Amino acid sequence: MTQTRERGETTTPDGFDEIHILWISEGMSCDGDTVSVTASSQPSIEDVVNGLIPGLPKVNLHNKVLSPTLGGEEFLAAFRQAARGELEPFILVIEGSIPNEKINGDGYWTSFGNDPETGEPMTLNEWIDMLAPRAWAVVAIGTCATYGGIHAMAGNPTGCMGLADYLGWDFRSAGALPIVNVPGCPVQPENFMETLTWVLYHAAGAAPPPPLDELLRPQWLFGKTVHEGCDRAAYYEQADFGKDYNSPKCQVKVGCWGPVVNCNVTKRGWMNGVGGCPNVGGICIACTMPGFPDKFMPFMDQPPGGSLSSMLIKPYGSFIRRMRGITNHAANREPRWRHNKEALTSGYNPRYRP
Ligand code: SF4
Ligand code: SF4
């Protein structure tokens with residue numbers, strides 16, 4: 001049975017049978033996160049929307065890129081209903097950074113439909129103000145919506161920010177959840193779908209709230225660093241560093257920020273375990289981080305800490321590499337008793353025969 005709830009009330013044990021996902025990407029956005037999510041397979045967005053995952057509520061997805069509507073007012077209908085309090089429960093997903101409309105001069109930085117009364121464009125901010133307090137859960141997808149991202153870099157004219165900067169870091173949804181931040185530029189497909197699935201199981205009353213860290217990221221996805229999951233870390237440990245972008249070795253000297261960045265892409269790959277970043281030759285530019293991009297630019301320079309740690313590891317690394325080389329050479333030879341001669345030389349002792 002579908003139920004409605006008062007703001008701040010926690011999940012009922014029964015949960016919801018049906019829920020809407022109102023997804024707005026009309027901030028400072030490229031829709032890259034929406035596109036990325038279509039690459040997920042565990043679960044795929046089709047599996048979630050078609051009800052193929054046991055135990056989830058029926059999901060009605062309202063995303064402009066994936067919408068079967070003809071757009072315009074037909075697409076906006078669900079958003080307008082929700083703003084009037086006539087569509088519950090719903091999860092509000094925000095993609096793109098939120099501009100500062102207090103400094104928009106005579107215009108507006110964003111628009112998502114027009115105000116039926118005035119005919120004037122409605123800003124993303126107006127929609128967030130109307131919908132966030134009514135949303136059972138609020139989810140920020142991608143680094144722009146979570147922390148501001150590329151659009152919020154130094155010198156930008158819009159004064160844009162992440163959703164928690166806009167709503168407040170202690171914001172609680174109608175389902176008593178904090179904002180759920182899933183950063184990444186774009187978001188890793190399964191990182192988002194896995195988090196959404198957890199939120200949906202929670203909505204169904206079948207799971208506790210997703211565990212988030214102090215930056216509101218899912219802990220199980222962002223608790224470790226890129227470096228901790230990078231399959232080039234063995235080169236680092238042996239002080240064997242790539243000098244250019246064609247090298248299969250560790251890329252710290254050509255700009256990789258992996259050791260200080262929270263992200264699981266090196267462990268998880270991009271689509272079905274294929275792809276990634278430093279694991280496949282692209283320096284980690286820290287696209288999941290709240291300090292992205294300013295604190296990591298210029299991207300193709302060596303990170304400041306990288307030169308110290310790579311220098312300190314040099315004596316140990318080159319000695320260990322040499323020793324491992326010798327052992328590796330020995331391990332690559334078969335034992336001498338594996339031959340086709342007349343005598344057995346394996347050391348077999350018939351005394352132990354039964
Ligand atoms: S390429 Fe980057 S993440 Fe991988 S081992 Fe080197 S520094 Fe660490
Ligand atoms: S490995 Fe680095 S660049 Fe790649 S997705 Fe993660 S944070 Fe972004």
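When a ligand or atom number is given, it counts from 1 through the structure's own listing order. These numbers were taken from a predicted model, which means no experiment stands behind them.
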Asker: Please classify the Cys263 to ligand 2 contact at 4.0 Å (heavy-atom distances, strictly less than): side chain, backbone, both or neither.
Answerer: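 Contact part for Cys263 vs ligand 2: side chain (C-beta onward).
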
Asker: Atoms of ligand 1 less than 4.0 Å from Pro259 heavy atoms?
Answerer: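 Answer for ligand 1: 7 (S).
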
Asker: From atom 4 (Fe) of ligand 1 out to just under 2.8 Å, does an N/O/S atom of Cys250 turn up?
Answerer: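 It does not: Cys250 brings no N, O or S atom closer than 2.8 Å to atom 4 (Fe) of ligand 1.
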
Asker: Looking only at heavy atoms, is any part of Val265 under 4.0 Å from ligand 2, and if so is it the side chain, the backbone, or both, or is it neither?
Answerer: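 It is the side chain that touches ligand 2; the backbone stays farther off.
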
Asker: Could you identify the single nearest non-hydrogen protein atom to atom 1 (S) of ligand 1 and state the distance to 0.1 Å?
Answerer: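 Minimum-distance protein heavy atom for atom 1 (S) of ligand 1 reads Gln251 N, 3.3 Å.
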
Asker: Below 4.0 Å from any atom of ligand 2, is there a heavy atom belonging to Thr266?
Answerer: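 Contact check Thr266 vs ligand 2: negative.
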
Asker: Do the side-chain N and O atoms of Thr266 and Asn279 include a donor-acceptor pair separated by under 3.5 angstrom?
Answerer: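 Short answer, no.
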
Asker: Using a strict cut-off of less than 4.0 Å between a Lys/Arg side-chain nitrogen and an Asp/Glu carboxylate oxygen, indicate whether Glu194 and Arg268 qualify as a salt bridge.
Answerer: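 Yes, this pair counts.
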
Asker: From the options Ile150, Thr158, Leu124, select the one residue that forms a side chain to side chain contact (heavy atoms under 4.5 Å, CB included) with Met28.
Answerer: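 In the set Ile150, Thr158, Leu124, the residue that makes a side chain to side chain contact (heavy atoms under 4.5 Å, CB included) with Met28 is Thr158.
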
Asker: Before accepting this row, confirm whether a basic side-chain N of the pair Lys224/Glu228 lies closer than 4.0 Å to the acidic partner's carboxylate O.
Answerer: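 Salt bridge absent between Lys224 and Glu228.
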
Asker: Any salt bridge between Glu237 and Arg324, counting N to O under 4.0 Å?
Answerer: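 Yes.
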
Asker: Is Cys277 close enough to atom 8 (Fe) of ligand 2 that one of its N, O or S atoms comes in under 2.8 Å?
Answerer: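 Here the distance criterion (N, O or S atom, under 2.8 Å) is not met by Cys277, so no.
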
